[in-house]
Structure formats: C-alpha cells, structure tokens
Amino acid sequence: MGQPVDKNERREGGARPWWGDHRTTAVVVLGAAASICAAAMGVVDRGTQIVLLVVIVGLALAGLAALVRVRTYARWFAAAWKWVRSHRLVVAVVTVVGLAGSTGVAVALESARSCEDPTEVAVVVPEDGVGGFTAVADAFERDSTTAFSCPRYHVTTFGMGWPALRTALGSGWGAASDDDVTTLELGPRPDVWLAETEVQVEMAAPQRAGTGFTIAEPTLVARSPLVVAVPEQHELALRAAVLPEDAVPVLVDAAGTVGHDVVRANPDASFVAALHTELLYAGSEPETHEALELDLGHALERVGLPFGSDGALLCRLDEVSESEPPRVAVLTSERAMIDRDAACPVTAGGDGDAALVPFYPGSALALGLDYQAVRLTWTDAQPSDRRADAATAFVEWLETDAGQVALVQEAKVRGVDGQPPSDTDGPLPGLKDASVVEPAEPGARSERMGTIEDLYHEARRPARVLVLVDSSASMGRSADGDRLRLNVAKRGVLGALTHLDESDEVSIWPFSGDAGSSPDDEMDLTRIDEAKAQATELLGELEPGGRTPLYDAIDAGTSHLVGMDPDGASRRHLTALIVLTDGENRPGGGPGAELSAQDLMRSAHAEAAAGVRVYVVAVGEASCQVSELREIAAEWDGECWDTSFGELESTLGSLFGQLGGR
C-alpha cells in the first residue's frame with residue numbers, strides 16, 4: 001500500500017513552501033519591523049525618513065503576500081485563543097512587561113527629540129562681506145546638528161570695520177563695567193574673530209597688561225588676492241599695455257596711459273585699500289605720495305564714487321554704469337569684486353552693467369588677504385566650557401571640506417589651497433585664467449603696515465568739513481529716556497571732532513525754523529584746534545525748536561562749500577557736508593521752501609560742484625531707505641547712514657574717522 005498523501009499536497013499539487021505553514025509568524029515579524037521603522041521616522045533627518053518609508057512599503061507588501069490564505073489564519077487564531085485561555089497568567093505578565101517597555105522606549109525617544117538649548121557663539125567678521133560670512137556660520141549650524149536633528153550651536157555673527165574693531169580690541173571691548181553704553185554699542189564680546197589677514201592679528205594683539213583678552217594661535221581658513229578690476233568693456237586696452245608679472249605701480253601707470261581713472265577705497269576704512277597703499281608706495285619717495293593721493297582723490301570725484309569702503313565704492317560703480325561703465329581701474333580684492341552686489345542696499349537697484357575683470361599683479365598675490373580664524377578669551381569673564389568648546393568647534397569646522405566649500409560658495413573667497421572660487425560649472429566668470437595663490441612669506445608685517453599708515457596720514461588730502469545739525473523741535477524729544485535727542489547729537493559731534501587733525505578745517509551750522517532764515521552760519525570753517533572751542537560754545541547754547549528746513553539747509557551748505565573753491569575739479573581738500581537730521585523736509589515758508597530733492601540732485605552735476613560730497617546721518621524718524629536722502633547723498637558722491645541715537649556717537653566717529661584719518 002502506498003503512503004497516505006497529505007490533503008494539502010493533493011490539493012495544491014506538491015509540497016507546500018516552508019513559509020506556507022508559518023504565515024502568522026511572518027506577518028508578526030514583518031509588522032513589528034514596520035512599526036519600528038514608523039516610530040523611528042519621528043526622530044531622524046529627512047533623508048533617513050525617505051529610506052525608512054521605502055522600507056515600510058516593502059515590509060507592507062511582504063506582509064500582504066503572507067496573507068494569501070485566510071482559513072489558515074482562522075485555525076491559527078483558534079489555536080492561539082485556546083493557548084491564551086490556558087495560560088492567562090503568562091499572557092498578563094507579558095502584556096504588562098510589553099506596555100512598560102514600549103512606554104519607556106516612547107519616553108526615551110521623546111526625551112531625545114526635546115532639544116537642549118544650543119550653545120551660543122559670537123563671531124565678529126569683516127564688515128564688507130558680512131552677508132557671506134553669516135551664511136558660512138549658518139552652514140556650520142546646519143552641519144552640527146545631533147542625531148535627532150537638534151542644533152548644537154547658535155552662531156551670532158556681526159560685522160565691524162577694521163578701524164572700529166581695532167579700537168574695540170584696544171580698549172578691551174569698551175569699559176569693563178556692565179552698564180557702560182559703549183560696550184553695548186559694540187555688540188557681544190566675540191568668541192571668534194575672522195580676521196582678514198594675520199597682519200591684523202599682529203596689530204591687534206594686546207600690547208600691555210590689562211587689555212582684557214588673549215588671542216589664541218590663528219588658523220588660516222581662506223585667501224583672497226588683491227586685484228586691479230576693470231570693466232569688461234575696457235579690458236582689452238589695459239591687457240595690451242601690461243605684462244602678467246607687472247607690479248601694482250607699473251599697472252597703475254599703464255592704466256592711466258590708456259585712459260583709465262585709477263581709484264581706491266579709503267585706507268582708513270578698508271584694510272584692502274591699506275594693503276594696496278603699501279604696494280603703491282613701494283620704491284617711491286615720501287614727497288611723491290601727496291601728489292599720488294591727490295590724483296586718486298580726483299579720480300574718485302571724476303567717476304562719482306564715494307570715499308569709503310570697498311563695498312560702497314563698488315556698489316556705486318554699478319549704479320553709475322547703467323548707460324556705459326566708466327573707464328576705471330579699481331584697486332580692490334577678488335572677494336569684493338565678485339561679491340560687490342551684496343554690499344548694495346536694496347534700494348540701490350544694482351542694474352548697472354559693470355561686469356569686472358581682474359588683473360593680478362605679481363606683487364599683489366603674496367600681499368593679499370589670508371583670512372585667519374582666531375579664538376578670543378576674555379580674562380574678566382571666563383566662558384563656560386561648552387562655549388569655549390563651541391568656539392573651537394567652529395574654527396576647526398572651517399578647515400574641513402564642508403567649511404571650505406561654504407567659504408568659497410557663500411563668502412566668495414578662496415580656500416586654503418589658493419584655487420580660484422568656482423561653482424558647480426567651474427571657476428566663476430572672469431576667473432578662468434586666475435592664478436593660484438601661494439602662501440605668503442612668514443614673518444610679521446605689522447610694523448611695516450604701521451609705517452604705511454603714518455606715510456598715508458602725512459600724504460592724505462586735508463579735510464574741509466561743514467556739519468549741519470538739526471535743531472528743530474523734534475530734536476527736543478527723548479532719545480533714550482534720560483537724554484534729549486539734541487544733547488546726544490551735541491555730544492556725538494564734539495566727540496567726532498577728535499578724529500580730525502591740525503590740517504583739517506571744520507564748521508558747524510545748526511538749522512531750524514522756516515526756510516530762508518536758517519541755517520545759522522555764524523561759525524566759519526576753522527582749523528580744528530580753534531574750531532573745537534567755538535563748537536563747544538555754539539552747541540552749548542543751542543536749544544531745540546521750530547520746523548525742519550532740511551533741503552534749504554543742504555542747498556545753503558553745498559553752495560557755501562562750492563563757492564570756497566569754484567574750480568572743483570582741482571580741489572586740494574577732501575570737501576564734505578555732513579547732515580545730521582531726525583526728520584523729513586518741513587521747511588515752512590520763505591525763500592528756499594520750494595526746493596525739492598530733484599533740485600538738490602541736479603545741482604550736484606554743476607561743474608563747480610565737483611569734489612563736494614554730502615553725507616547724511618539719519619536718526620529718529622529720518623531714514624535712508626524710505627526717503628530721498630540716499631539718492632541726494634549718492635548724487636553728491638557721498639553716503640547716507642541709518643543709525644540710532646544709541647549708536648549715533650560711534651557712527652559719527654566712524655564717518656569723521658574716514659574723512660580725517662584718526
């Protein structure tokens with residue numbers, strides 16, 4: 001007799017697969033795996049969530065495949081229920097343990113998902129390019145999250161110009177007292193300083209005990225060579241007149257020969273301009289420097305560019321290039337040239353056609369910018385270990401591949417390898433044939449830079465500054481709860497006079513009331529020593545009241561400065577009108593009340609007006625962004641600065657420092 005044949009084999013035509021009798025087990029295992037993946041999706045990053053979702057879908061499909069025969073599950077369910085009824089105690093214990101375990105896992109996952117407060121890190125970066133360096137810090141935050149997507153660090157970046165930063169570090173970041181207003185204006189004490197070059201680190205290193213901070217060994221994180229940038233339309237003329245190895249003075253002479261105006265930012269506002277000045281002065285006698293500075297100043301005035309930072313200069317160049325770029329050669333850095341649009345205010349437009357092509361003088365490659373990340377430790381306020389570790393982590397991250405990519409793409413600098421910045425398609429426009437920057441020769445250059453600063457201050461154009469101080473009724477309002485607006489303005493103006501030296505002239509005219517009866521021109525332009533005493537007396541007697549004949553005052557001030565030297569194209573003085581106001585033009589009646597912003601802008605184009613600059617310091621209700629003050633200042637080759645009454649003194653100090661060099 002043959003062996004009995006299993007009815008399943010007869011029905012299905014052969015032996016069942018191994019999983020055919022274990023469908024419940026398969027479903028349980030697959031379901032458990034899918035549940036674990038689903039729970040994990042709530043605590044992982046987005047990329048991992050996508051992977052887990054794919055896995056869950058696969059598990060679900062596999063589970064459905066195991067549910068081919070429903071009657072099998074009925075038999076298993078009946079057997080399982082019979083077993084449960086006979087083992088109630090075991091089932092109860094397993095259920096309690098399972099619930100407790102799942103609750104513990106849920107609590108642990110939720111605890112992991114509840115992020116701790118990130119560690120705060122303050123980083124001071126160069127004022128020109130602050131947007132790009134802030135984006136680099138943001139990339140560090142994103143790259144430093146925990147396994148549960150919690151941020152480890154929060155980086156606060158703020159930009160400071162080199163003169164202000166040098167002063168802040170020299171004073172130990174303001175007074176030591178907690179209630180000192182100056183300390184608040186400077187922002188938080190930085191844990192990390194991103195210096196433009198090691199020379200700055202040498203110059204800012206504490207020279208005496210009690211300075212209040214120590215500097216760690218700087219870490220090289222990026223580079224950017226100095227360049228002579230020329231509008232693309234005028235490149236070929238200069239290209240034919242120079243050789244690749246020509247030094248800056250040779251290239252500058254060649255640019256003048258082919259009709260290019262050579263311009264440079266203010267060395268007192270831009271360290272890049274100071275480095276270019278070192279190259280310009282190389283091999284020349286001090287008595288030739290004054291003529292050189294006069295030529296550079298007149299070139300700025302012919303093109304209509306401001307005498308300030310690289311960013312302000314390049315932004316204005318873009319504006320004046322709307323019809324056709326001027327024949328100009330700009331002494332700047334590769335980073336500023338590439339990233340120039342970032343320096344422009346939103347209202348500036350930036351619609352010009354000023355695509356720039358860089359020339360790389362041989363001497364400028366070794367004397368370019370070598371960005372250094374520096375840890376600062378404040379001796380009177382020991383940071384927590386977490387904060388110190390976070391600052392170290394940021395500096396170390398800048399050296400990693402991710403940090404280098406962020407610096408190149410966001411800040412538009414070169415990495416430590418010196419290769420030209422590029423995007424996904426290769427080198428950025430204009431940089432296809434750019435040279436690789438080699439490391440500079442080691443050795444301190446701070447003493448040499450100090451000598452260059454002294455030589456520049458001896459050669460610079462003397463300043464002639466007329467200050468219009470708004471003394472209208474609105475200046476009688478409270479500035480900060482304790483001081484009147486006018487009193488803050490008085491203190492700011494008197495303090496700013498210390499930035500002028502004996503070769504400079506200054507005058508102060510208050511304005512208020514109706515047009516035609518203001519401004520008060522009792523104080524003539526006077527050498528600074530005598531002017532300080534006169535200004536103290538004049539401002540001490542000043543009281544707020546009346547209307548705001550703003551445009552009439554600007555017209556009177558510019559007319560006075562133009563009349564002092566009608567041959568504007570050859571002015572020896574750096575001539576500037578500074579307007580301090582907290583409101584809009586409200587002239588009342590009288591002659592001059594009908595003046596408009598367009599009238600003031602048209603008068604800036606008169607031949608005799610060449611070389612007269614207008615700077616507006618807007619506080620209170622005044623604004624460079626929502627009024628025509630920015631356009632007026634730009635047409636007069638100046639700038640409009642928005643500030644607050646809390647920062648008014650430092651703003652005026654920075655502005656006078658640009659004009660007077662101190």
Side-chain angles (χ1 to χ4, degrees), residues 294 297-307 460-471 493 497 500 502-528 530-531 534-535 538 548-581 585 587 590-617 628-629 631-640 655-656 658-660:
L294 192 60
H298 286 162
L300 284 171
E301 290 156 7
R302 283 193 296 271
V303 182
L305 302 177
F307 185 61
R460 73 171 184 86
R461 302 169 72 187
R464 176 175 284 167
V465 183
L466 174 55
V467 186
L468 295 177
V469 179
D470 187 346
S471 58
V493 171
L497 296 181
L500 304 179
E502 59 184 13
S503 65
D504 300 324
E505 300 174 357
V506 68
S507 180
I508 300 173
W509 290 5
F511 68 95
S512 63
D514 292 333
S517 62
S518 186
D520 180 358
D521 57 357
E522 292 183 2
M523 182 179 172
D524 294 327
L525 281 160
T526 312
R527 287 293 183 94
I528 190 62
E530 183 179 348
Q534 293 185 27
L538 173 66
T548 312
L550 178 59
Y551 292 168
D552 181 56
I554 294 175
D555 182 63
T558 53
S559 298
H560 181 76
L561 292 174
V562 169
M564 294 190 70
D565 192 356
D567 190 8
S570 61
R571 293 182 194 277
R572 177 174 176 270
H573 289 82
L574 174 60
T575 306
L577 177 72
I578 297 178
V579 185
L580 171 58
T581 183
N585 181 50
E594 73 287 352
L595 279 170
S596 67
Q598 287 68 32
D599 293 329
L600 295 178
M601 288 187 270
R602 279 193 295 269
S603 63
H605 296 284
E607 185 176 347
V612 175
R613 301 176 180 275
V614 173
Y615 294 88
V616 180
V617 179
E628 294 172 306
L629 293 174
E631 288 81 0
I632 293 171
E635 291 299 320
W636 283 90
D637 301 341
E639 297 177 81
C640 186
L655 176 53
F656 275 72
Q658 286 191 18
L659 300 174

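Note that the coordinates shown come from a computational prediction; the quantities given were computed from them, not determined experimentally. The chain is numbered in sequence order, starting from 1.
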Just to verify, what does [X] make a salt bridge (Lys or Arg N to Asp or Glu O under 4.0 Å) with, not counting sequence neighbours?
| X | result |
| --- | --- |
| R527 | none |
| R613 | none |
| E505 | R464 |
| D524 | none |

Test side-chain hydrogen bond (donor to acceptor under 3.5 Å, both in side chains) applied to [X] - qualifying residues, sequence neighbours left out:
| X | value |
| --- | --- |
| T558 | none |
| D470 | S472, T581 |
| S512 | S471 |

List the atom of [X], the atom of [Y], and the distance in Å for their closest heavy-atom pair.
| X | Y | result |
| --- | --- | --- |
| P510 | L538 | CD-CD2, 4.1 Å |
| P591 | D552 | O-OD1, 3.9 Å |
| S603 | A609 | O-CB, 3.7 Å |
| R460 | S503 | NH2-OG, 4.1 Å |
| G513 | S517 | C-OG, 4.5 Å |
| G592 | A515 | C-CB, 3.8 Å |

Set of side chain to side chain contact (heavy atoms under 4.5 Å, CB included) partners for [X], sequence neighbours left out:
| X | result |
| --- | --- |
| A597 | Y551, M601, E628, I632 |
| A553 | L468, F511, P519 |
| A531 | V506, M523, T526 |

Are the side chain of [X] and the backbone of [Y] linked by a donor-acceptor contact shorter than 3.5 Å?
| X | Y | answer |
| --- | --- | --- |
| R302 | A610 | no |
| S559 | A556 | no |
| H573 | D504 | no |

What pairs with H560 under ring-ring contact (aromatic ring centres under 6.0 Å, His included), at least two apart in sequence or on another chain?
->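 By the ring-ring contact (aromatic ring centres under 6.0 Å, His included) rule, H560 matches W509.
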
Hey, could you give me the [atom1]/[atom2] distance between [X] and [Y], rounded to the nearest 0.5 Å?
| X | Y | atom1 | atom2 | value |
| --- | --- | --- | --- | --- |
| E631 | W636 | CD | CH2 | 15.5 Å |
| R461 | F307 | CZ | CZ | 8.0 Å |
| D520 | I508 | CG | CD1 | 11.5 Å |
| I528 | L497 | CD1 | CG | 4.5 Å |

Side-chain heavy atoms of [X] within contact of [Y], under 4.5 Å:
| X | Y | result |
| --- | --- | --- |
| L595 | P549 | no |
| L655 | V617 | yes |
| V579 | L550 | yes |
| C640 | L629 | yes |
| L600 | V614 | no |

Pairs flagged by salt bridge (Lys or Arg N to Asp or Glu O under 4.0 Å) wherever residues 591-605 is involved - sequence neighbours left out |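 Listed once each, the pairs are D599-R602.
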
